[in-house]
Amino acid sequence: MIRYAKPTSVDEALALLGEGAWRILAGGTDFYPAQGSKPFRDNVLDINGLAALRGIAETDDHFVIGARTTWTDIIRHSLPPAFDALKQAAREVGSAQIQNVASVAGNLCNASPAADGVPALLVIDAEVELRSATATRHLPLQDFVLGNRRTALLPGEMVTAIRVPKGATTGTSAFVKLGARRYLVISIAMVAARLVVDNGTVRQAAVAAGSCSVVAKRLAGVEAALSGLPVDGRLADAVQSAPMGELSPIADVRGSAEYRLDAVREIVARAVLAAVGRTTDDEVAAA
């Protein structure tokens with residue numbers, strides 16, 4: 001018999017997870033489309049009643065985004081400029097109706113290579129909080145998403161929060177998405193960039209690309225090429241010549257692998273320039 005449960009506390013949810021296998025239902029924006037017309041064959045754990053998992057808190061060391069926090073919550077919350085890329089990505093997650101219910105943690109657990117939130121979270125060194133009835137652990141985001149629809153979740157665990165260390169919330173950031181049209185589209189490629197600038201020079205750079213490999217990746221070669229440069233046109237030149245060996249895009253109905261590799265350099269340059277305020281929103285719109 002298929003079970004359905006809607007716990008009223010996190011402890012109750014974790015106790016149920018410890019009893020057996022469940023599919024977790026949060027916002028449901030991916031859950032129901034993926035189910036389609038097929039009959040349910042898994043137990044369903046509905047966590048939409050867990051108010052404790054929704055919202056953004058601040059500790060001495062971290063910003064803590066609850067697992068049920070929606071993309072609209074992200075857009076509306078007052079956060080440092082380093083989160084601007086995440087806010088811009090939030091506006092690209094489907095329609096406003098989707099943003100109102102889709103959760104940040106759901107975007108990560110769905111583990112799509114085209115998940116809009118992942119590059120923006122990677123550039124602020126986000127980590128995932130995983131809890132079971134007996135333990136809590138924290139994984140860097142790059143160690144949590146393992147592949148297409150694959151995560152590091154263990155039996156009995158659920159994501160309860162995304163934590164962002166305050167040391168990674170300096171500087172300014174931007175997000176650029178390339179799609180077949182401007183809105184309501186799955187990414188052909190997307191990039192988030194965060195730069196820390198001191199006296200007109202880039203002191204730190206964090207750049208991540210999505211939809212160009214099986215999981216979104218930080219681009220270490222680009223970051224190294226940008227470090228120490230003055231904030232001028234040389235930033236775009238550095239991007240064009242920097243190594244991007246982390247990327248291994250596929251060819252699909254949205255674009256060929258060769259097109260993605262060419263396009264991602266352009267949108268990396270746009271994201272980097274936008275992060276330091278050298279372009280307008282219209283100029284960085286890639287679709």
Which pair of non-hydrogen atoms, one from M158 and one from I24, has the smallest distance, and what is that distance? CB-CD1, 3.6 Å
Specify the closest pair of heavy atoms between L16 and P7, including all atoms of both residues, with the distance to one decimal. CD1-CB, 4.4 Å
Do R265 side-chain atoms and Q240 backbone N/O form a donor-acceptor pair below 3.5 Å? yes
If you count every heavy atom of other residues, nucleotides or ligands that lies below 6.0 Å from R137 atom CZ, does the total exceed 12? yes
Between S132 and E157, a side-chain donor and acceptor under 3.5 Å: no
Say whether V118 and V207 are linked into one hydrophobic cluster, either directly or through other cluster members, by side-chain heavy-atom distances under 4.5 angstrom. no
Between F63 and F83, is the ring centre distance below 6.0 Å? yes
For E127 and H138, which I'm curious about, is there any donor-acceptor pair between the side chains at under 3.5 Å? no
Validation row: V64, E58 side chains within 4.5 angstrom (heavy atoms): no
Shortest non-hydrogen contact between N107 and G117, atoms and distance: OD1-N, 3.1 Å
Does a donor on one side chain and an acceptor on the other come within less than 3.5 Å for S95 and Q99? no
Treat each ILVMFWY residue as a node, draw an edge where side-chain heavy atoms are under 4.5 Å apart, and state whether L154 and L130 are in one component. no
Got R194 and Q204 here, is their nearest side-chain heavy-atom distance under 4.5 Å? yes
Any chance CG of L25 has more than 12 other-residue heavy atoms, nucleotides or ligands included, within less than 6.0 Å? yes
Please check if any side-chain donor atom of T172 sits under 3.5 Å from a side-chain acceptor atom of D84, or the reverse. no
For the hydrophobic clusters of this structure (ILVMFWY residues joined by side-chain heavy atoms under 4.5 Å, transitively), does one cluster hold both L273 and V123? no
If you look at every heavy atom in A82 and A168, which pair is closest and at what distance? CB-O, 4.3 Å
How does the hydrophobic cluster around M1 look, that is, which other residues are in it when side-chain heavy atoms under 4.5 Å mark a link? none
Look at the side chain of Q88 and the backbone N and O of F175, then say whether any donor-acceptor pair between them is shorter than 3.5 Å. yes
Does the side chain of R23 pick up a donor-acceptor pair with the side chain of N43 at under 3.5 Å? no
Note: A96 and T72 closest approach over all heavy atoms is O-OG1, 4.4 Å
In terms of hydrophobic clustering (I, L, V, M, F, W, Y; side-chain heavy atoms under 4.5 Å; direct or indirect links), are M244 and Y259 co-clustered? yes
Worked check of salt bridge (Lys or Arg N to Asp or Glu O under 4.0 Å) between R218 and D125: CA-CA 10 Å; R218 286 277 293 266; D125 294 344; 3.0 Å; yes
Would you find a donor on one side and an acceptor on the other, under 3.5 Å apart, between the side chain of K177 and the backbone of I188? no
Using modelled atom types and a 3.5 Å cut-off, is there a donor and acceptor pairing between side-chain atoms of R254 and backbone atoms of G179? no
Check for a donor-acceptor pair, side chain of T69 on one end and backbone N or O of G66 on the other, with a separation under 3.5 Å. yes
Does R260 use its side chain to pair, donor to acceptor, with the backbone of G255 at less than 3.5 Å? yes
Indicate yes or no for a side-chain donor-acceptor contact from R131 to the backbone of V159 under 3.5 Å, with no hydrogens or angles considered. no
Can you tell me which residue pairs pass the salt bridge (charged side-chain N to carboxylate O under 4.0 Å, His left out) test with a partner in residues 230-250, sequence neighbours excluded? D232-R234
State, without any angle test, whether D73 and T70 hold a side-chain donor-acceptor pair at a distance under 3.5 Å. yes
Is the side chain of S211 donor-acceptor paired with the backbone N or O of A189 at a distance under 3.5 Å, no angle test? no
Nearest heavy-atom contact between N148 and P113 is OD1-CD, 3.3 Å
Look at the side chain of R68 and the backbone N and O of A102, then say whether any donor-acceptor pair between them is shorter than 3.5 Å. no
For a salt bridge (Lys or Arg N to Asp or Glu O under 4.0 Å) check, start with the C-alpha distance between E19 and R3, then their side-chain angles and the critical distance, and finish with the verdict. CA-CA 12 Å; E19 295 175 1; R3 297 177 65 190; 3.5 Å; yes
Treating Ile, Leu, Val, Met, Phe, Trp and Tyr as nodes and any side-chain heavy-atom pair under 4.5 angstrom as an edge, say whether L122 and I267 lie in one connected cluster. no
Do V196 and T170 make a side-chain contact, defined as non-hydrogen atoms from C-beta onward lying under 4.5 Å apart? yes
Verify, without hydrogens or angle tests, whether K87 (side chain) and L79 (backbone) share a donor-acceptor contact under 3.5 angstrom. no
